[in-house]
Amino acid sequence: MKKKVLFVMNNLRCGGAENALVSLLQEFDYSKYEVDLFLFQKEGLFLSKVPNEVNVVEESEEFRYLEGSFISTLFSALLNLRFDLFFLRIGVAYLAVSEKNPSIRTQKSWKLLSSVLKKNQKKYDVAIGYMENFPNNYVIEKVMATTKIGFVHNDYQQLRLAASLDYPYFGKFNFVATISKQCLVSLQQSFPNLLNKFVEIPNTVSSGLINKMADEVISLETHSPILLTIARLQPQKGIDLAIEAAALLAEANVDFVWYFVGEGSERDSLERQVKENNLEQNIKFLGLKENPYPYIKACTVYVQPSRFEGKSIAIEEAKILNKPIVVTNYNSVSDQINHLQNGYVVEINPESIANGIATMLSNVNLQKQLQANLAQEMTGNKTNSDILTQLFL
């Protein structure tokens, strides 16, 4: 008899965790597992890549009352005689004013959402919350399952979450997985009484699929060296630092065009920053791309200017495509990149980022050496679902 497995995720809009989840689902042995996927919002770039064997559960209608227009959601709740949703929206508005830390605000909003969510009536062998906060909490409070697994896809201490709010949930999981050694240490330091709960499960990356999709023909219409960054346009990813670095490169007459693939809350302010620095010819925001791999294949240097990461899927993809990589020295970088072995590590500031890029662009021999090292490192190297499926047994 097939084991019944449930994955819970916010949405599949974009991002490393969403990409990793879809890659993981593509590796499942569906002769052994019956898989459901619950999304709070049934939308996103990666939704079309979910295998047909996966049953995508209908989205939570209640979730939109967390994010929708204040007046329209209140009116909708009253029109449908959903007074619970009316008070949910009032509570969310109060939190927006009373709690200044957005991470803790999200944690606290779970209790409001939980109060209006129905329990999942299906019994599962395994239920997996594939992201911190709502997906994890949903698995604990709303799902019946023999084994429950949570996930944290980032350095917990960098997320500015309140450990006291997560502790009751983490304590009820059979396992809480995270994606790198540094992220594992961060969890262990944050929850010293739960050390036996935490395991490392690297994100799934399919090298064969990436190489195949990278062959799609694109036109970037430039003869300049190409820099590329794939990231959500949010403060964590350091795009503002990248723009400052680009200004320094332009001032030094370095020839380049820097493409950014991704979307996020900071796009408007970042575009203003580009204009203020007269970098419209050097920096291009491409938005979301269903297939970003041809852009990685086309670039001269891949740049990751993040302030912090868990384990970057984009870096792993650039490594698979043997690209010279410039990356900032955030806490978990050594889990993926060693300076001058398989990439070039710089400090988390515009000057260091600019110097690293200039060094890489001007030194073709360094590029070739790093590419050769990557080719040797990545041969036959693919993370997969084996560790996760072992936890089902």
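Residue numbers count from 1 along this sequence. Quick caveat: nothing in here was measured; it's all calculated off a predicted structure. Atom set for the values below is all heavy atoms of this structure, side chains included, hydrogens, waters and symmetry mates excluded.
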Enquirer: Of the non-hydrogen atoms in Ala298 and Ile218, which two are nearest, and what is the gap between them?
Expert: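 Closest approach of Ala298 to Ile218, heavy atoms only: CB-CD1, 4.4 Å.
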Enquirer: Using only atom types and a distance under 3.5 Å, with no angle test, would you say the side chain of Ser103 pairs donor to acceptor with the backbone of Leu159?
Expert: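 Yes, Ser103 side chain to Leu159 backbone: donor-acceptor pair under 3.5 Å.
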Enquirer: Distance check, rounded to the nearest 0.5 Å: Phe175 atom CZ versus Lys197 atom NZ?
Expert: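 Rounded to the nearest 0.5 Å, the CZ-NZ separation comes to 9.0 Å.
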Enquirer: Looking at Asp335, is its backbone amide N or carbonyl O close enough to the side chain of Ser332 to form a donor-acceptor pair, meaning the two atoms are under 3.5 Å apart?
Expert: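 Checked: no pair found.
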Enquirer: Determine, using the 4.5 Å side-chain heavy-atom cutoff (strictly less than), whether Leu161 and Val185 are members of one ILVMFWY cluster.
Expert: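 No; tracing contacts between hydrophobic side chains, which count when under 4.5 Å, never links both residues.
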Enquirer: Measure the shortest side-chain to side-chain distance between Glu317 and Leu321 over non-hydrogen atoms and say whether it is less than 4.5 angstrom.
Expert: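 Contact flag for Glu317/Leu321 side chains = no.
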Enquirer: In the structure I gave you, are the side-chain heavy atoms of Asn331 and Phe308 within less than 4.5 Å of one another anywhere?
Expert: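 No - every pair of side-chain heavy atoms lies 4.5 Å or more apart.
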Enquirer: Between the main-chain N or O of Lys297 and the side-chain N or O of Lys323, is there a donor-acceptor pair closer than 3.5 Å?
Expert: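 A pair under 3.5 Å: yes.
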Enquirer: Rounded to the nearest 0.5 Å, what separates atom CD in Glu377 from atom CG in Asn342?
Expert: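 The CD atom of Glu377 sits 4.5 Å away from the CG atom of Asn342.
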Enquirer: Can any side-chain N or O of Asn154 pair as donor or acceptor with the backbone N or O of Gly310 at less than 3.5 Å?
Expert: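 The answer is yes, because a donor-acceptor pair under 3.5 Å joins these two groups.
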Enquirer: For Leu184, does its backbone N or O pair with a side-chain atom of Glu200 as donor and acceptor, under 3.5 Å?
Expert: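 Not confirmed, Glu200 side chain does not pair with Leu184 backbone.
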Enquirer: Does any N or O in the side chain of Ser352 come within less than 3.5 Å of the main-chain N or O of Asn349, such that one atom is a donor and the other an acceptor?
Expert: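 Here the side-chain-to-backbone pair does not exist.
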Enquirer: Would you say Leu12 and Leu37 make side-chain contact, with heavy atoms under 4.5 Å?
Expert: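 Answer yes - side chains close enough.
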Enquirer: Under 4.5 Å between side-chain heavy atoms, hopping through other hydrophobics if needed: is there a path connecting Ile179 to Ile320?
Expert: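 Different clusters: Ile179 never reaches Ile320 through Ile, Leu, Val, Met, Phe, Trp or Tyr contacts under 4.5 Å.
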Enquirer: Are Arg13 and Leu288 close enough that some pair of their side-chain heavy atoms sits under 4.5 Å apart?
Expert: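 Arg13 vs Leu288: side chains apart.
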Enquirer: Members other than Phe70 in its cluster, when Ile, Leu, Val, Met, Phe, Trp, Tyr link by side-chain heavy atoms under 4.5 Å?
Expert: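 Joined to Phe70, directly or through intermediates: Ile71, Leu74, Leu78, Leu81, Phe83, Phe86, Phe87, Ile90.
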Enquirer: So does Gly264 get a backbone contact from the side chain of Arg232, meaning a donor-acceptor N/O pair under 3.5 Å?
Expert: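 Flag not set: sc Arg232 to bb Gly264 has no pair under 3.5 Å.
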Enquirer: CG of Asn211 to OH of Tyr293: how many Å apart, nearest 0.5 Å?
Expert: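 Here the interatomic distance stands at 10.5 Å.
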Enquirer: With the side chain counted from C-beta on, respond yes when Leu233 and Phe285 share a heavy-atom pair under 4.5 Å apart, and no when they do not.
Expert: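 Yes, close enough: below the 4.5 Å cut-off.
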Enquirer: Would you call the rings of Phe28 and Phe7 parallel, tilted or perpendicular, where under 30° means parallel and over 60° means perpendicular?
Expert: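 Rings of Phe28 and Phe7: perpendicular, as their planes differ by over 60°.
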Enquirer: Tell me, please, which residues at least two apart from Asp255 pass salt bridge (charged side-chain N to carboxylate O under 4.0 Å, His left out).
Expert: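 Checked Asp255 against salt bridge (charged side-chain N to carboxylate O under 4.0 Å, His left out); zero matches.
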Enquirer: By side chain to side chain donor-acceptor pair (under 3.5 Å), which residues pair with Ser72, not counting sequence neighbours?
Expert: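 In terms of side chain to side chain donor-acceptor pair (under 3.5 Å), with neighbours along the sequence ignored, Ser72 is linked to Ser69.
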Enquirer: If you count heavy atoms of other groups shown closer than 6.0 angstrom to CD of Glu280, is the number above 12?
Expert: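 Atom CD in Glu280 is crowded, with more than 12 foreign heavy atoms closer than 6.0 Å.
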Enquirer: In the structure I gave you, are the side-chain heavy atoms of Ile357 and Phe256 within less than 4.5 Å of one another anywhere?
Expert: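 Heavy-atom side-chain distance check fails, nothing below 4.5 Å.
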Enquirer: Give a yes or no on whether Ile226 and Ile230 share a hydrophobic cluster (residues Ile, Leu, Val, Met, Phe, Trp, Tyr; joining criterion: side-chain heavy atoms under 4.5 Å apart).
Expert: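 Per the 4.5 Å side-chain linkage, Ile226 and Ile230 are co-clustered.
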Enquirer: Mind running side chain to side chain contact (heavy atoms under 4.5 Å, CB included) on Val333 and Thr328 for me, showing each step along the way?
Expert: CA-CA 8 Å; Val333 69; Thr328 45; over 6 Å; no
Enquirer: In terms of hydrophobic clusters joined by side-chain contacts under 4.5 Å, are Leu165 and Leu117 together?
Expert: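 Not linked; separate clusters.
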Enquirer: I want to check something: taking the side chain as every heavy atom from C-beta on, are Val327 and Gln336 in contact at a cut-off of under 4.5 Å?
Expert: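 Not touching, per the 4.5 Å side-chain cut-off.
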Enquirer: Quick check: Tyr130 with Phe151 (ring centres under 6.0 Å apart)?
Expert: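 Yes, the ring of Phe151 comes within the 6.0 Å limit of the ring of Tyr130, centre to centre.
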Enquirer: Between Asn365 and Gln369, does any side-chain donor sit less than 3.5 Å from a side-chain acceptor?
Expert: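 Side-chain D/A pair, Asn365 to Gln369: absent.
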Enquirer: Only one of Tyr138, Tyr124, Phe134 passes ring-ring contact (aromatic ring centres under 6.0 Å, His included) with Phe38; say which it is.
Expert: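 Result: among Tyr138, Tyr124, Phe134, Tyr138 is the only option passing the ring-ring contact (aromatic ring centres under 6.0 Å, His included) with Phe38.
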Enquirer: Given Gln236 and Glu309, is the side chain to side chain contact (heavy atoms under 4.5 Å, CB included) satisfied, shown in steps?
Expert: CA-CA 8 Å; Gln236 172 191 344; Glu309 289 282 349; 4.0 Å; yes
Enquirer: Test side chain to side chain contact (heavy atoms under 4.5 Å, CB included) on Tyr344 and Leu366; report intermediate values, then the result.
Expert: CA-CA 10 Å; Tyr344 197 96; Leu366 175 60; 4.0 Å; yes
Enquirer: Give, for atom CG of Asn137 and atom CH2 of Trp110, the distance between the pair rounded to the nearest 0.5 Å.
Expert: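 Nearest 0.5 Å value for the CG-CH2 distance: 5.5 Å.
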Enquirer: With a 6.0 Å cut-off on ring centres, are Tyr295 and Tyr259 close enough?
Expert: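 Not close enough - the centres of the two rings lie 6.0 Å or further apart.
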Enquirer: How about NZ on Lys123, more than 12 heavy atoms from neighbouring residues, nucleotides or ligands closer than 6.0 Å, or not?
Expert: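 Check passes, neighbour count above 12.
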Enquirer: Show your working on salt bridge (Lys or Arg N to Asp or Glu O under 4.0 Å) between Lys2 and Asp125 and close with a plain yes or no.
Expert: CA-CA 10 Å; Lys2 292 183 179 181; Asp125 295 290; over 6 Å; no
Enquirer: Counting only heavy atoms not in Tyr30 (residues, nucleotides, ligands), do more than 12 fall under 6.0 Å from its OH?
Expert: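 Enclosed: over 12 neighbouring heavy atoms sit under 6.0 Å from OH of Tyr30.
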Enquirer: Do the ring planes of Phe198 and Phe170 sit parallel (below 30°), tilted (30 to 60°) or perpendicular (above 60°)?
Expert: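 Perpendicular, since the angle between the ring planes exceeds 60°.
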Enquirer: Do Met144 and Asn120 have side-chain heavy atoms sitting under 4.5 Å apart?
Expert: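 No, side chains not in contact.
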Enquirer: Between Arg272 and Glu276, does any NZ, NE, NH1 or NH2 come within less than 4.0 Å of an OD or OE carboxylate oxygen?
Expert: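 Salt bridge between Glu276 and Arg272, a charged N being under 4.0 Å from a carboxylate O: no.
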Enquirer: Mind running salt bridge (Lys or Arg N to Asp or Glu O under 4.0 Å) on Glu271 and Arg267 for me, showing each step along the way?
Expert: CA-CA 6 Å; Glu271 288 182 333; Arg267 175 147 187 176; 2.9 Å; yes
Enquirer: Do the side chain of Gln273 and the main chain of Asp240 share a donor and acceptor less than 3.5 angstrom apart?
Expert: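 Side chain of Gln273 to backbone of Asp240: a pair is present.
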Enquirer: Kindly say whether Met360 contributes a backbone atom to a donor-acceptor pair with the side chain of Gln367 at under 3.5 angstrom?
Expert: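 Indeed, once roles are kept as given, a pair shorter than 3.5 Å links the two residues.
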Enquirer: Are the side chain of Asn174 and the backbone N or O of Lys148 linked by a donor-acceptor pair below 3.5 Å?
Expert: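 A pair under 3.5 Å: yes.
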Enquirer: Using the rule that two of Ile, Leu, Val, Met, Phe, Trp, Tyr join whenever any of their side-chain heavy atoms come within less than 4.5 Å, decide whether Val254 and Ile243 are in one cluster.
Expert: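 Val254 clusters together with Ile243.
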Enquirer: Apply side chain to side chain contact (heavy atoms under 4.5 Å, CB included) to residues Phe63 and Leu39 and explain how you reach the verdict.
Expert: CA-CA 10 Å; Phe63 189 83; Leu39 300 172; over 6 Å; no
Enquirer: Quick one: pull up NZ in Lys4 and NZ in Lys122 and give me the separation to the nearest 0.5 Å.
Expert: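 The NZ atom of Lys4 sits 6.5 Å away from the NZ atom of Lys122.
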Enquirer: Tell me, with the steps shown, if Arg82 and Glu62 meet salt bridge (Lys or Arg N to Asp or Glu O under 4.0 Å).
Expert: CA-CA 10 Å; Arg82 288 293 304 269; Glu62 292 82 1; 3.7 Å; yes
